Amino acid sequence: MLNKWWGTKNGFNSFIGRYTSKDFVTTGVHEDQEMFYVLEGYGWALIGEKEVPIYPGACWLVPPQTVHGIKCAKSSDAVVTFAVHGAP
């Protein structure tokens, strides 16, 4: 399923993100829904006002116009995510 979202020919914008900060890195507020899938690392995701733990295999959706961010746990070097802007 992730492979069909890769690239932009289907209208989605996808990328691999690497987050090393131990503080929240605000990734923005976007017009479209976004999907994040954790490839490696441990930390927390910020979705609006809510913080959720993240780990390899975790996946979450961010509704449109929602502030969101990622921070890395002290025990991890980085959180690596596959992100899709405009996820269905």
Side-chain angles (χ1 to χ4, degrees):
M1 185 162 86
L2 294 179
N3 285 341
K4 75 177 185 177
W5 290 351
W6 195 265
T8 57
K9 69 180 181 180
N10 56 9
F12 302 131
N13 177 16
S14 58
F15 66 94
I16 301 292
R18 187 171 192 273
Y19 305 92
T20 58
S21 177
K22 305 302 182 191
D23 297 314
F24 275 113
V25 175
T26 301
T27 56
V29 175
H30 303 280
E31 295 294 321
D32 299 311
Q33 177 166 262
E34 294 181 286
M35 185 276 302
F36 289 84
Y37 179 82
V38 179
L39 300 173
E40 61 183 76
Y42 295 85
W44 289 267
L46 176 68
I47 307 165
E49 305 267 329
K50 185 177 180 183
E51 290 182 28
V52 295
I54 55 175
Y55 46 84
C59 183
W60 68 96
L61 292 174
V62 177
Q65 299 299 325
T66 303
V67 174
H68 57 286
I70 296 172
K71 74 176 173 179
C72 186
K74 291 180 182 174
S75 60
S76 287
D77 292 331
V79 173
V80 179
T81 65
F82 175 78
V84 180
H85 295 284

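Source: prediction; values computed, not measured.
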Decide whether [X] and [Y] are clustered together by the hydrophobic rule: side chain heavy atoms of Ile, Leu, Val, Met, Phe, Trp, Tyr closer than 4.5 Å, transitively.
X	Y	answer
V29	W60	no
V62	F15	yes
L46	V38	no
I16	Y42	no

Side-chain heavy-atom pair I70, F36 within 4.5 angstrom cut-off: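 Yes - at least one pair of side-chain heavy atoms lies under 4.5 Å apart.
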Between [X] and [Y], what is the shortest heavy-atom contact and its length?
X	Y	value
S21	V25	CB-CG2, 3.5 Å
Y19	C72	O-CB, 3.9 Å
P56	G41	CD-O, 3.2 Å
D77	T20	O-CG2, 3.6 Å
Y37	C59	CD1-CB, 3.9 Å
H68	I47	CB-CA, 4.5 Å

Euclidean distance, R18 CZ relative to T81 OG1, rounded to 0.5 Å: 11.5 Å
Distance in Å, Q33 CD paired with H85 NE2, rounded so as to fall on 0.5 Å steps: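 Answer rounded to 0.5 Å: 12.5 Å.
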Partners meeting side-chain contact (heavy atoms from CB on, under 4.5 Å) with T26 (sequence neighbours left out): V67
Polar side-chain atom of K22 near backbone of A73 as donor-acceptor pair, under 3.5 Å: yes
side-chain contact (heavy atoms from CB on, under 4.5 Å) evaluation trace for D23 with K71: CA-CA 5 Å; D23 297 314; K71 74 176 173 179; 5.6 Å; no
